[in-house]
Colleague: 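Before we start, here is the structure in question, set down as structure tokens.
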Amino acid sequence: MTAPVASPTLDVLGGIWREVLRLSRVSPEDNFFALGGDSFRATRLAALVGERFGVPATAALAFDRPELAGQARWIDGARAGDAPLTPLPQAPPSAVPLSTQQEDFLYWMFEPRLHGSQDVRDIGSCCTAIRIRDELDVPLLTRALNALVARHEALRTVVRPDGTVEIVADRPPQVAEERAADEAEAGRIVWHERMRLDDAIAGPLVRALVVHIGQDDDADDHVLVLAVHHFAFDGFSFGVLLRELALLYSALSTGHPDPLRPLPITYTDYCRFAREQWPVNQPYWDRVLEGAPTDLSPFPGRRETSRFSRRRHAFEVEHALRDRLAEIARERGATTFMAVAACWTWLLAEWTGRTDIVVMSPVPGRTLPEHETLVGCLVQSLILRFDVSGRPGYAELLDRVRDVAVGAVAHQLHAYQDARLRVPFPSRIHYESFGAPHFPGLASEPFPFPREQEALEWSANPGELDLSAPELIVEEQRDGSMHCAVVYNHHGYDPETAAELADAFLRCARAAADRPGHVLPPLAVRHAG
């Protein structure tokens with residue numbers, strides 16, 4: 001095989017790869033996904049290719065041509081006019097500084113008013129807990145949090161009682177301290193803190209609780225609980241928040257000036273940019289959602305209810321199985337998420353007897369490099385519609401999932417409220433590879449806390465039922481394993497149903513790993529409740 005010829009395109013593209021994948025060197029024959037690429041990084045790659053080469057590209061570039069040299073050849077061809085290019089039409093700017101998820105949250109929070117109720121639904125908070133075995137100065141921590149609130153517009157969001165939204169000059173965080181005799185008592189305090197319900201209208205958006213462990217005031221053992229209301233925040237933002245919080249805390253503790261560079265754009269800038277893409281991408285979503293099922297029915301094990309409250313059944317995918325699924329995915333130009341989604345899709349098809357399966361999955365929504373430094377609710381919820389007809393083998397189903405996911409990621413900036421109203425009850429896959437939370441610069445590690453706010457109780461509108469399907473949550477760990485959970489409405493499902501779904505998922509994943517070219521074995525649905 002002839003070695004790729006060096007070229008200016010290859011050099012510039014190699015620099016983009018190093019930037020996106022955070023590597024010191026890459027080779028022309030390298031595979032984007034083998035080096036740690038995923039759908040999020042593929043989107044960033046496409047944006048940078050468009051910016052630096054003047055070639056409109058989508059995430060499909062990485063999936064269709066995962067090798068560096070292949071991408072360089074495509075770019076050269078596109079610049080010479082050999083590749084079909086469709087320039088994006090320009091959409092009129094929007095003056096509304098809300099992301100699509102915020103707009104959907106706002107509608108949902110105030111929706112009961114349409115039926116005469118004055119109650120406002122609470123959507124809950126994003127939360128993390130970190131064990132810090134180091135000296136921790138709470139007043140300095142408070143100053144650092146205040147500086148972050150001043151820096152990020154989203155943390156100064158106010159929702160008025162009439163449903164209007166403003167960005168105010170200041171919205172101070174709430175910082176509290178408690179003392180626990182031992183780790184077990186600290187765990188109970190953290191549990192109660194996680195169950196606290198916030199108020200996007202009256203309360204602070206940012207809360208911090210420091211639990212000091214032990215009776216000795218000089219003991220360097222604490223748990224830091226951080227919670228930010230989901231209306232103004234998403235999971236990816238925690239990485240940004242913790243990194244900047246640590247930098248500010250370190251600077252304050254050593255007397256150095258603020259080390260953070262000015263933000264390249266504001267959160268309002270991002271929301272306006274994203275909204276400009278909505279009409280551009282709407283034709284794609286109109287095609288995807290035409291005739292889509294509104295829910296997964298019948299769903300064995302679901303009982304009628306108009307109430308909703310989340311519970312979880314946890315389980316684990318061992319690292320060897322995860323690695324095998326990732327290997328199969330790479331061989332087919334896919335990601336580990338897609339391999340997991342193919343297993344979950346097969347399970348839902350077998351469980352319900354349906355072949356038109358609609359799944360919602362969130363992506364960070366950060367399509368350009370300057371978006372990575374923002375804190376806010378940038379998350380984009382993608383509707384993925386999978387065709388499971390004809391009893392495909394696992395490899396074929398993975399190909400179908402890949403094609404659907406690539407198309408959705410390429411059109412991810414869209415008006416989700418429209419999609420949610422068309423498909424109100426999809427199943428969901430929440431896939432995280434953010435890594436374990438810690439406080440950079442201090443000896444720290446994750447502290448266990450409940451992911452679900454079990455105190456949150458929602459009710460359907462009068463005369464309506466909750467038809468939600470259970471959700472799959474997957475969190476990649478540093479050791480290569482996956483911490484997973486089936487999350488379900490405990491008013492509508494028994495814990496045994498969630499446990500059976502988890503067991504069926506593992507059986508599917510193992511069958512796929514053993515014989516990816518074969519049709520997956522039928523699932524005997526034992527739960528007929």
Side-chain angles (χ1 to χ4, degrees), residues 33-34 36-42 59 63 235 296 312-351 357-364 381-388 392-409 426-435 451 469-488 498 500-517 520-521 523:
F33 298 102
D38 53 21
S39 299
F40 172 46
R41 292 175 177 86
F63 289 96
L296 279 171
R312 67 168 38 209
H313 172 84
F315 66 101
E316 187 167 328
V317 173
E318 63 272 18
H319 66 83
L321 177 55
R322 182 265 176 205
D323 289 347
R324 177 58 182 146
L325 292 176
E327 179 186 9
I328 295 169
R330 283 195 302 271
E331 291 170 352
R332 309 195 72 82
T335 65
T336 310
F337 160 75
M338 295 172 189
V340 168
C343 293
W344 186 246
T345 299
W346 169 85
L347 167 58
L348 294 176
E350 287 288 318
W351 192 274
I357 302 296
V358 179
V359 174
M360 190 279 279
S361 187
V363 293
S381 299
L382 302 187
I383 297 292
L384 307 174
R385 188 177 180 184
F386 301 126
D387 175 13
V388 199
Y394 176 73
E396 181 184 345
L397 179 58
L398 177 55
D399 290 345
R400 297 183 189 183
V401 168
R402 169 197 176 278
D403 291 344
V404 169
V406 169
V409 168
S427 180
R428 298 167 184 258
I429 299 178
H430 193 105
Y431 193 94
E432 294 183 3
S433 55
F434 303 146
R451 285 289 302 267
E471 171 183 358
L472 176 67
I473 292 182
V474 179
E475 303 167 24
E476 285 195 2
Q477 304 299 305
R478 290 180 177 176
D479 65 359
S481 65
M482 292 175 172
H483 289 178
C484 306
V486 173
V487 177
Y488 60 99
E500 188 174 353
L501 285 165
D503 179 68
F505 176 82
L506 287 173
R507 285 188 279 121
C508 169
R510 289 167 184 147
D514 290 340
R515 306 178 72 187
L520 294 170
L523 171 67

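Values reported hereafter were calculated over all heavy atoms of this structure, with side chains retained and with hydrogens, waters and symmetry mates removed.
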Colleague: Mind checking whether Phe337 and Asp38 have side chains closer than 4.5 Å, heavy atoms only?
Modeller: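 Heavy-atom side-chain distance check fails, nothing below 4.5 Å.
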Colleague: For the OG atom of Ser427 and the CG atom of Leu296, what is their distance to the nearest 0.5 Å?
Modeller: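 Atom-to-atom, Ser427:OG and Leu296:CG are 6.5 Å apart.
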Colleague: If you compare all heavy atoms of Ala34 against all heavy atoms of Arg330, which two are closest, and at what distance to 0.1 Å?
Modeller: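 Distance-wise, the nearest heavy atoms are CA-CD, 3.6 Å.
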Colleague: For Arg402, is there an ion pair with Asp399 - N to carboxylate O distance below 4.0 angstrom?
Modeller: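 Here Asp399 does not pair with Arg402 in a salt bridge, since their nearest N and O are not under 4.0 Å apart.
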Colleague: Would you mind writing out the side-chain donor-acceptor pairs for residues 316-326 within the sub-3.5 Å range, not counting sequence neighbours?
Modeller:
{"unit_1": "Arg322", "atom_1": "NH2", "unit_2": "Glu476", "atom_2": "OE2", "d": "3.3"}
{"unit_1": "Arg324", "atom_1": "NE", "unit_2": "Ala513", "atom_2": "O", "d": "3.0"}
{"unit_1": "Arg324", "atom_1": "NH1", "unit_2": "Glu327", "atom_2": "OE1", "d": "3.2"}

Colleague: I'd like to know whether Val486 forms a side chain to side chain contact (heavy atoms under 4.5 Å, CB included) with Phe315, so could you lay out the CA-CA distance, the side-chain angles of the two residues, the decisive distance to 0.1 Å, and finally the verdict.
Modeller: CA-CA 8 Å; Val486 173; Phe315 66 101; 3.9 Å; yes
Colleague: Starting at CG of Leu398, measure out to CD1 of Ile328 and round the result to the nearest 0.5 Å.
Modeller: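 Rounded to the nearest 0.5 Å, the CG-CD1 separation comes to 8.0 Å.
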Colleague: Dump the intermediate steps for side chain to side chain contact (heavy atoms under 4.5 Å, CB included) on Ile357 and Trp344, then the final yes or no.
Modeller: CA-CA 10 Å; Ile357 302 296; Trp344 186 246; over 6 Å; no
Colleague: Decide yes or no for Phe505 and Val340: does some side-chain heavy atom of the first lie under 4.5 Å from some side-chain heavy atom of the second?
Modeller: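 Counting from C-beta outward, Phe505 and Val340 do come under 4.5 Å.
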Colleague: Atom CD1 in Ile429, atom SG in Cys484: separation rounded to 0.5 Å?
Modeller: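 Rounded to the nearest 0.5 Å, the CD1-SG separation comes to 11.0 Å.
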Colleague: Taking all non-hydrogen atoms of both residues into account, name the closest pair between Met482 and Val474 and its distance.
Modeller: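 Shortest heavy-atom contact: SD-CG1, 3.6 Å.
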Colleague: Using 4.0 Å as the upper bound for N to carboxylate O, is an ion pair formed by Asp514 and Arg510?
Modeller: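 Looking at Asp514 together with Arg510, the answer is no, because their closest N to O distance does not fall below 4.0 Å.
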Colleague: From Met360 CE over to Leu384 CG, what is the distance, rounded to the nearest 0.5 angstrom?
Modeller: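 Separation between the atoms: 9.5 Å.
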Colleague: Starting at CG of Leu520, measure out to CZ of Arg515 and round the result to the nearest 0.5 Å.
Modeller: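 Separation between the atoms: 10.5 Å.
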Colleague: Any idea which heavy atoms bring Leu501 and Leu347 closest together, and the distance?
Modeller: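 Heavy atoms only, the tightest pair is O-CD2, 3.6 Å.
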Colleague: Hey, are the side chains of Tyr394 and Cys343 touching, using non-hydrogen atoms and a 4.5 Å cut-off?
Modeller: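 Contact flag for Tyr394/Cys343 side chains = yes.
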Colleague: Name the orientation class of the two ring planes belonging to Phe63 and Phe33 (parallel below 30°, tilted from 30 to 60°, perpendicular beyond 60°).
Modeller: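 Tilted: the ring planes of Phe63 and Phe33 meet at 30° to 60°.
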Colleague: Tell me every residue that passes side-chain contact (heavy atoms from CB on, under 4.5 Å) with Ala395, counting only those two or more places apart in sequence or in another chain.
Modeller: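 Applying side-chain contact (heavy atoms from CB on, under 4.5 Å) to Ala395 gives Arg332.
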Colleague: Is Pro426 close to Val359 at the side-chain level, that is, under 4.5 Å between some pair of heavy atoms?
Modeller: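 Counting from C-beta outward, Val359 and Pro426 never come under 4.5 Å.
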Colleague: So which heavy atom on Ala329 is nearest to which on Thr335, and how close?
Modeller: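 Nearest pair, atom of Ala329 first, then Thr335: CB-O, 3.3 Å.
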Colleague: Between CZ of Arg451 and NE2 of His483, what distance do you get to the nearest 0.5 Å?
Modeller: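 The CZ atom of Arg451 sits 12.0 Å away from the NE2 atom of His483.
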Colleague: Could you tell me whether the side chain of Val487 reaches within less than 4.5 Å of the side chain of His430, counting heavy atoms only?
Modeller: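 His430 vs Val487: side chains apart.
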Colleague: Is a side-chain donor or acceptor of Ser481 paired with a backbone partner of Gln477 at a separation under 3.5 angstrom?
Modeller: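 Checking the backbone N and O of Gln477 against the side chain of Ser481, no donor-acceptor pair under 3.5 Å is found.
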